[in-house]
Student: 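Have a look at this one before I ask anything.
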Amino acid sequence: MESLACGVPAVVSDAGGSGAAVLDGVTGFVFATGDDEAMRSCIARLVDDAALHAQCSTAARADARTRFASERLTREHEALYSELLEARAG
């Protein structure tokens with residue numbers, strides 16, 4: 001997430017949560033775990049195509065600031081805590 005917020009397009013595997021943070025083909029690329037050729041291809045696309053890199057960079061920064069903004073995450077956490085407290089109170 002930090003790299004996306006800095007405008008660095010990410011190339012990540014689909015293992016764990018990294019793939020959920022990257023919009024494939026928009027803010028970077030997601031490849032299948034263990035597929036070294038796919039990883040190489042994704043990196044090469046960004047290195048070889050300056051326009052694609054710039055487009056992904058701009059999109060990464062904008063998406064990260066929208067999806068992972070501290071104000072938004074704070075509101076979502078507060079709503080979750082309120083919901084849990086209400087459910088617990090019965």
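Keep in mind that what you see is a predicted model, and the values were worked out from it rather than measured. Along the sequence shown, residues are numbered consecutively beginning with 1.
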Student: Pairs under 3.5 angstrom only: tabulate donor-acceptor contacts from the side chains of residues 44-55 to other protein residues two or more places apart or in another chain.
Tutor:
residue, atom, partner, partner atom, Å
Asp49, OD1, Ala51, N, 3.2
Asp49, OD1, Leu52, N, 3.0

Student: Work out which heavy atom in Cys56 is nearest to a heavy atom in Gly25; give both atom names and the distance.
Tutor: SG-O, 4.4 Å

Student: Who passes salt bridge (charged side-chain N to carboxylate O under 4.0 Å, His left out) against Arg75, sequence neighbours left out?
Tutor: none

Student: So which heavy atom on Ala60 is nearest to which on Val8, and how close?
Tutor: CB-O, 4.4 Å

Student: Can you tell which of Ser3, Cys42, Ser18 makes a side chain to side chain contact (heavy atoms under 4.5 Å, CB included) with Val12?
Tutor: Ser18

Student: Just by distance, do the side chain of Thr27 and the backbone of Val22 share a donor-acceptor pair under 3.5 Å?
Tutor: no

Student: Taking the side chain as every heavy atom from C-beta outward, state whether Asp63 and Leu23 have any atom pair closer than 4.5 Å.
Tutor: yes

Student: Give every donor-acceptor pair under 3.5 Å between a side-chain atom in residues 29-36 and any protein atom, sequence neighbours left out.
Tutor:
residue, atom, partner, partner atom, Å
Thr33, OG1, Asp14, OD1, 2.6
Thr33, OG1, Ala15, N, 3.4
Asp35, OD1, Glu37, N, 3.4
Asp35, OD1, Ala38, N, 3.0

Student: What residues form a side-chain hydrogen bond (donor to acceptor under 3.5 Å, both in side chains) with Glu76, not counting sequence neighbours?
Tutor: Arg72

Student: Let me have the donor-acceptor pairs involving side chains of residues 77-90, under 3.5 Å, with sequence neighbours excluded, atom names and distances please.
Tutor:
residue, atom, partner, partner atom, Å
His77, ND1, Leu73, O, 2.7
Ser82, OG, Glu78, O, 3.0

Student: Measure the spacing between CZ of Arg61 and SG of Cys6 and express it to the nearest 0.5 Å.
Tutor: 8.0 Å

Student: Can you name the salt bridge (charged side-chain N to carboxylate O under 4.0 Å, His left out) partners of Glu71, sequence neighbours left out?
Tutor: none

